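Read the structure below first, then the notes.
Every value quoted in this text rests on a predicted model; they were computed, and no experiment measured them.
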Amino acid sequence: MSKKTEGFFSIGLKEWREACALGLNPAVAFLVLACGTDGSNRETNWSANSVETYGGIKSQRATVAIAMLVDAGLVKSDGNNSRPHYTLTMSEDVIWLPNSIVKGLVDQRVGERKKSAVKAIREAQDVQLLRLYVELYYSQHLAADGGLSRSVFYLEFNKTKHASYGEFVFLGFSRTAHYTAWKSELDFLHDADVLSGVAEEGGNPADAFFPRMDILRSLGLLELSACLFESNGKDAEILFPVDGPEKSEAEIKRLADQAAEAVLPDWKLINSDFDYLVPVYRHQEKAQLYGIYRLFHRPHTQLTKAWWADLHEKITNGVEQINKVLAS
């Protein structure tokens with residue numbers, strides 16, 4: 001078998017959902033086996049020992065989980081118990097996942113591998129949390145949305161037209177709350193019967209969805225970028241990020257704060273209790289800030305590479321725009 005070097009693997013969406021329906025351990029085992037496949041993303045020599053190593057499931061229970069996958073027709077075994085070889089079934093609709101969610105990342109400071117996303121999520125003992133996490137990769141379109149679409153999950157900001165300065169307007173933005181539009185490709189987000197017991201308990205999908213997203217955020221599996229859109233319209237494009245986990249994103253907030261301090265009168269600064277104060281051109285007054293979440297682990301695909309280039313182009317545009325305020 002050839003060794004994959006691209007750092008990502010794929011699974012069938014249909015098969016993934018069927019694995020989750022079998023339970024948490026089969027779902028974890030399915031991911032681990034898929035991570036261990038060759039370039040075809042179907043053939044693997046990984047077995048119960050690998051599931052124990054990367055999934056945190058003891059070998060005996062891992063063997064049972066794999067057997068459940070085989071019985072369900074999601075995995076085919078060659079029947080060799082001493083050195084098993086498995087073939088994963090895969091439909092046309094696929095999810096691309098980074099190997100690092102299974103294998104973990106190496107902490108360069110100490111040279112040790114961190115606990116993987118799959119292991120950490122498994123400890124929550126909620127198969128729907130794992131399903132949500134994996135299917136966020138199916139829903140995320142970095143190049144188009146900068147991360148998760150606003151139809152999936154976003155942080156909302158209140159907007160205030162705070163001050164004018166020459167050809168610029170300073171817009172103030174304050175955090176409010178997290179929202180979803182319940183219109184995403186993740187159809188199970190609004191199917192109450194899929195969410196663990198919530199429907200029977202008289203709750204609603206939000207009672208399960210938002211706490212699960214909170215867990216993913218607390219585990220560091222989602223990172224937040226404050227992105228300035230052309231407007232609040234659903235088809236509005238991102239102008240540039242105002243803040244984020246990348247140093248170059250955070251630099252825009254520093255420049256925006258510097259611009260406000262340089263050109264606005266003191267009384268305007270004293271009364272600017274905003275999370276962000278951003279100068280935009282007058283024709284951009286409809287601009288709206290949203291907190292866009294993107295998955296921390298990213299597959300090293302051509303689409304990811306294209307998004308990275310586009311992100312830095314937008315960052316350059318934002319820096320140039322704010323520098324014009326400082327130069328005026």
Tell me if a side-chain donor or acceptor on D93 pairs with a main-chain N or O of L13 at a distance below 3.5 Å. no
Check whether the side chains of D38 and S40 place a donor and an acceptor atom closer than 3.5 Å, and report yes or no. yes
Spacing of CZ belonging to R122 relative to CG belonging to L24, to within rounding of 0.5 Å: 6.0 Å
Nearest non-hydrogen partners of Y138 and V94, listed with the distance: CD1-O, 3.6 Å
S47 side, atom OG; H85 side, atom NE2 - distance, nearest 0.5 Å: 12.0 Å
Tell me, do K103 and Y54 make a side-chain contact under 4.5 Å, heavy atoms counted? yes
Looking at side-chain heavy atoms only, is the closest gap between E15 and S91 below 4.5 Å? yes
Show me the pairs that pass ring-ring contact (aromatic ring centres under 6.0 Å, His included) and involve residues 251-274, at least two apart or across chains. H162-F274
Which residues pass the salt bridge (Lys or Arg N to Asp or Glu O under 4.0 Å) test with R42, sequence neighbours left out? none
Close side-chain approach of V127 and C20, heavy atoms under 4.5 Å: yes
Test your reading of the model: is there a side-chain donor-acceptor pair from T89 to the backbone of L74, 3.5 Å cut-off? yes
With a sphere of 6.0 Å drawn around CZ of R83, does it hold more than 12 non-hydrogen atoms of other residues, nucleotides or ligands? no
Hey, could you give me each pair passing side-chain hydrogen bond (donor to acceptor under 3.5 Å, both in side chains) that has a residue in residues 220-232? Not counting sequence neighbours. E223-R294, E223-R298, S225-E249
Would you say L136 ends up clustered with L303 if hydrophobic residues are merged whenever their side chains have heavy atoms under 4.5 Å apart, either directly or through other cluster members? no
Hey, mind stepping through T53 and W46 against side-chain contact (heavy atoms from CB on, under 4.5 Å) and telling me if it holds? CA-CA 10 Å; T53 299; W46 283 19; over 6 Å; no
Minimal heavy-atom distance between H297 and S100, with the atoms involved, is ND1-OG, 2.8 Å
Do side-chain atoms of Q140 reach the backbone of L295 as a donor and acceptor pair under 3.5 angstrom? yes
Could you check whether any side-chain heavy atom of I11 comes within less than 4.5 Å of a side-chain heavy atom of V134, counting everything from C-beta outward? yes
Please report the interatomic distance CG(L129) to CG(L219), rounded to the nearest 0.5 Å. 7.5 Å
Under 3.5 Å: donor-acceptor pair, side chain of K159, backbone of A287: yes
For V319, the side chain to side chain contact (heavy atoms under 4.5 Å, CB included) test, sequence neighbours excluded, returns I252, L255, I315, N323
Tell me the closest heavy-atom pair linking P241 and K314, and the distance in Å. CD-CB, 4.1 Å
Spatial distance of atom CZ (F240) from atom CG (L311) [nearest 0.5 Å]: 13.0 Å
Go through the steps for F173 and L228 under the test side-chain contact (heavy atoms from CB on, under 4.5 Å), then give the verdict. CA-CA 10 Å; F173 297 99; L228 190 68; 3.9 Å; yes
Residue set satisfying salt bridge (Lys or Arg N to Asp or Glu O under 4.0 Å) with D214, at least two apart, ordered chain then number -> R217
Find out whether L105 and F296 are in side-chain contact, i.e. whether some heavy atom of one side chain is under 4.5 Å from a heavy atom of the other. yes
Any chance you could measure L33, atom CG, to N45, atom CG, to the nearest 0.5 Å? 11.0 Å
Check side chain to side chain contact (heavy atoms under 4.5 Å, CB included) between L224 and all other residues, then give those that pass, not counting sequence neighbours. L155, R175, Y293
Which distance, rounded to the nearest 0.5 Å, do you find between the CD of Q128 and the CZ of R131? 5.5 Å
Minimum-distance pair of heavy atoms, taken over all atoms of A259 and V325: CB-CG1, 4.0 Å
Could you walk me through whether L31 and L97 satisfy the side-chain contact (heavy atoms from CB on, under 4.5 Å) test, starting with their C-alpha distance in whole Å, then the side-chain angles of each, then the deciding distance to 0.1 Å, before giving a yes or no? CA-CA 9 Å; L31 284 177; L97 299 165; 3.9 Å; yes
Does anything in residues 233-248 form a side-chain hydrogen bond (donor to acceptor under 3.5 Å, both in side chains)? List the pairs, not counting sequence neighbours. D243-Y276
Sequence neighbours excluded, the answer for side-chain hydrogen bond (donor to acceptor under 3.5 Å, both in side chains) partners of Y137 is Y133
Side-chain H-bond candidate by donor/acceptor type, E43 with T87, under 3.5 Å: yes
Residues at least two apart in sequence or cross-chain that pass side-chain hydrogen bond (donor to acceptor under 3.5 Å, both in side chains) with K268, listed by chain then number, are none
Hey, are the side chains of M213 and T180 touching, using non-hydrogen atoms and a 4.5 Å cut-off? no
Does CD in Q125 sit with more than 12 non-hydrogen atoms of other residues, nucleotides or ligands closer than 6.0 Å? yes
Flag the pair K324 and E167 as a salt bridge only when some basic side-chain nitrogen lies within less than 4.0 angstrom of an acidic carboxylate oxygen. no
Could you go through the ring pair (Phe, Tyr, Trp, His ring centres under 6.0 Å) check for H178 and F153 one step at a time? CA-CA 7 Å; H178 289 99; F153 188 64; 5.0 Å; yes
Please list, chain by chain and in numerical order, all residues satisfying side-chain hydrogen bond (donor to acceptor under 3.5 Å, both in side chains) with Q284, sequence neighbours excluded. Q321
Main-chain N/O of G166 paired with R282 side-chain donor or acceptor, under 3.5 Å: yes
Quick one: do I121 and L216 satisfy side-chain contact (heavy atoms from CB on, under 4.5 Å)? Show the steps, please. CA-CA 8 Å; I121 292 173; L216 296 180; 3.9 Å; yes
Closest non-hydrogen atom pair, S10 against A34: O-CB, 4.4 Å
Expected output: side-chain S59 to main-chain A48 donor-acceptor under 3.5 Å: no
Residues clustered with Y290, ILVMFWY side-chain links under 4.5 angstrom: Y154, Y179, F229, I238, I292
Are I215 and D126 side-chain neighbours, meaning at least one heavy-atom pair lies under 4.5 Å? no
Closest approach of A62 to I57 (non-hydrogen atoms, all atoms of both residues): N-CG2, 3.6 Å
Report yes if the side chains of L69 and Y86 come closer than 4.5 Å at any heavy-atom pair, otherwise no. no
Results of salt bridge (Lys or Arg N to Asp or Glu O under 4.0 Å) for E156 - residues two or more places apart only: none
